[in-house]
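Throughout, residue positions are numbered sequentially from 1 according to the sequence presented.
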Amino acid sequence: MLQKCIDCGKEFPVNEVRYECGCSGLLEIVQDLKAAKKAVSKKLFEGRMGSREYPYGSGVWRYKELIHPLIPDEKIVSIWEGNTGIHFGEPLRGYVGLGNFFVKAQGENPTGSFKDNGMTVAISQANFLGLRKVACASTGNTSASMAAYCAIEKMNGIVFVPKGNIAMGKLSQALAYGVKTLQVEGNFDEALKFVRANSLKLGMYLVNSINPFRIEGQKSIAFEMAQQMGWKAPDWVIMPGGNLGNASAIGKGFRELNEIGFVEKIPRIAVVQSKGANPFCRLWKEGLDSLIPVNEPHTIASAVKIGNPVSWKKALREVQASKGVVEEVSDQEIMDAKAIVDSTGIGCEPASACSVAGAKKLVENGIIKSHEVVVGLLTGNILKDPDATINYHLNKLEGITPKFQNRPVEVGLDFGQIKKAIEG
Ligand code: F0G
């Protein structure tokens, strides 16, 4: 296991604290898959699933041999993350137009988002290295997740969030779990640029997804999905694209699973961006050689309000390797798809609904075929952004006409009025 630059191939040991190469390329973890293959079996993973044995009952550490085989168990900081459900049924399938559409609800994680899958590994790595001060820039979920893991391990956490641009559920988590919360002027991209440039000088270990250990943990979403589907890869996995760490991780996870012979193929990766924050989609559709940042990203899906995604090269590699696609959807499409997801009782935050809105669009465009098996990732919990949900149902979102509105009814405690309200 080592760290390797994705641009020039230079290698670094796993215990060296660095996030990029001298050539400024991002680092990735290269696993010793030959050794891993000998150490694991489907039976081993089946036995751990549902167990309460620490840390192997976690949906991430169940796959420790494929994620971080070198870390001693006692250095692992875990709260049983992962173990999220795959759901299906109406009205989702009808809405998307697919008989075999599933959603994997990563919002069932301990802090309510898929970030826990990666964060447990980044914080464990910090613990392994004896680092006590960690930091991230975030649109909200990364900071909420980091804050919880810091609280468990009593680490000193500092989060940088764009002032006024983070959903209330997420901000409240950072404050409540007790990290130093810096609400900075400027957007997420600017905050991330700052922490990238200054984290070493400030003695902070950075746990944004440029940290390759985050990606290793997030791979477990692919592993768990395959296991839940009887060690079969779906035809497609669809996910929202923001900073593009997730697409990098899911692609890497399936490639590695395929390499050790646990799945027969890799699914096609579809990354779906919001139209107002779509630099990766533009790169894809216009066939550009490199990413042109969107300077003032705007979208109701604040989690993916990102104009300059750091992991675009890694994500591009995975989309290409899987013969995938990149698509974009409007805020209207996002919020209507979210209303459908919410109406199933599963629910999600706006960014997550990119997966469902994107699936619908790809089916309509004939890119996804009606017989194909498709899994959409629901990245964050419905409670993360109550403002967006309520304002949709109150029809108070600028530029959005709610197709699936469930308006609250104001009524006095009067029998006649209530009868009328119920029957009306
Ligand atoms: N969905 C949700 C709910 C997110 O919070 C994020 C990213 C994404 C999708 C996009 O994933 O960045 O890997 O492409 N949130 C980050 C944060 C940026 O700071 O919480 P990505």
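Between the CE atom in Met1 and the NE2 atom in His68 there is a gap of 4.5 Å [rounded to 0.5 Å]. In this structure, OG in Ser302 is found 5.0 Å from CG in Asp385, a value given to the nearest 0.5 Å.
At a threshold of 4.0 Å, the pair Arg48-Glu65 counts as salt-bridged, since one of the basic side-chain nitrogens sits closer than that to a carboxylate oxygen. Between Glu327 and Lys285 there is a salt bridge, since a side-chain N of the basic residue sits under 4.0 Å from a carboxylate O of the acidic one. For Glu364 and Lys360, the salt-bridge test passes: some basic side-chain N is under 4.0 Å from an acidic carboxylate O. Using a 4.0 Å cut-off between charged nitrogen and carboxylate oxygen, Glu259 and Lys37 do not count as a salt-bridge pair. A salt bridge does not link Glu28 with Lys252: every distance from a Lys NZ or Arg NE/NH1/NH2 to an Asp or Glu carboxylate oxygen is 4.0 Å or more. With respect to Lys42 and Glu46, no salt bridge is recorded, no charged nitrogen being found less than 4.0 Å from a carboxylate O. A salt bridge is defined here as a Lys NZ or Arg NE, NH1 or NH2 lying under 4.0 Å from an Asp or Glu carboxylate O, and Lys265 with Asp235 meets this definition.
Ring orientation note: the planes of Phe45 and Trp231 are tilted relative to one another, at an angle of 30° to 60°. Below 30°, between 30° and 60°, or above 60°: for Tyr54 and Trp80 the angle between ring planes is above 60°, a perpendicular geometry. Taking the six-membered ring for Trp and thresholds of 30 and 60 degrees, Phe88 and Phe102 have ring planes more than 60 degrees apart, a perpendicular arrangement.
Of the possible donor and acceptor atoms, one in the side chain of Asn187 sits under 3.5 Å from a partner among the backbone N and O of Asp189. Between the side chain of Thr344 and the main chain of Val341, a donor-acceptor pair closer than 3.5 Å is present. Put simply, the side chain of Arg268 never gets that close to the backbone of Trp236: no donor and acceptor are under 3.5 Å apart.
Counting all heavy atoms, side chain and backbone alike, Ser209 lies closest to Arg214 at N-NH1, 3.4 Å. The two atoms that bring Val121 and Val60 nearest to each other are CG2-CG1, 3.8 Å, heavy atoms only. Summarising the geometry of Gly140 relative to Ser138, their closest heavy-atom pair is N-OG, 2.7 Å, with the distance given to 0.1 Å. Between Ile166 and Thr139, the shortest heavy-atom contact is CB-O, 3.8 Å. Looking at every heavy atom in both residues, Gly157 comes nearest to Cys150 through CA-SG, 3.8 Å.
Using modelled atom types, one finds no donor on one side chain facing an acceptor on the other under 3.5 Å when comparing Gln405 with Asn395. Between Glu349 and Asn141, the side chains place a donor N or O and an acceptor N or O closer than 3.5 Å (distance only, hydrogens not considered). No hydrogens or angles considered: nothing links the side chains of Ser113 and Thr379 as a donor-acceptor pair under 3.5 Å. Side-chain atoms of Ser248 and Glu318 include no donor-acceptor pair closer than 3.5 Å. Side-chain atoms of Arg62 and Asn83 form a donor-acceptor pair, as typed in the model, at a separation below 3.5 Å.
A heavy-atom distance below 4.5 Å is not found between the side chains of Val96 and Ile368. Within the 4.5 Å cutoff, side-chain heavy atoms of Pro72 are placed close to those of Phe128. Using a 4.5 Å heavy-atom cutoff, the side chains of Asn308 and Lys193 are not in contact.
Partner Phe114 forms a side chain to side chain contact (heavy atoms under 4.5 Å, CB included) with one of Lys104, Gln218, Glu108 and no other, that one being Gln218. When Gln227, Lys219, Glu256 are each tested for a side chain to side chain donor-acceptor pair (under 3.5 Å) with Tyr63, only one passes: Gln227. For the pairing with Cys136, the side chain to side chain contact (heavy atoms under 4.5 Å, CB included) check across Val159, Val179, Asn211 returns one residue only, Val159.
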(message) Could you walk me through whether Ile292 and Leu283 satisfy the side-chain contact (heavy atoms from CB on, under 4.5 Å) test, starting with their C-alpha distance in whole Å, then the side-chain angles of each, then the deciding distance to 0.1 Å, before giving a yes or no?
(response) CA-CA 7 Å; Ile292 301 173; Leu283 170 126; over 6 Å; no
(request) List the steps and the verdict of side-chain contact (heavy atoms from CB on, under 4.5 Å) for Asn243 and Leu192. (result) CA-CA 10 Å; Asn243 219 14; Leu192 182 58; 3.6 Å; yes
(message) Test side-chain contact (heavy atoms from CB on, under 4.5 Å) on Met155 and Leu131; report intermediate values, then the result.
(response) CA-CA 8 Å; Met155 285 186 184; Leu131 306 170; over 6 Å; no
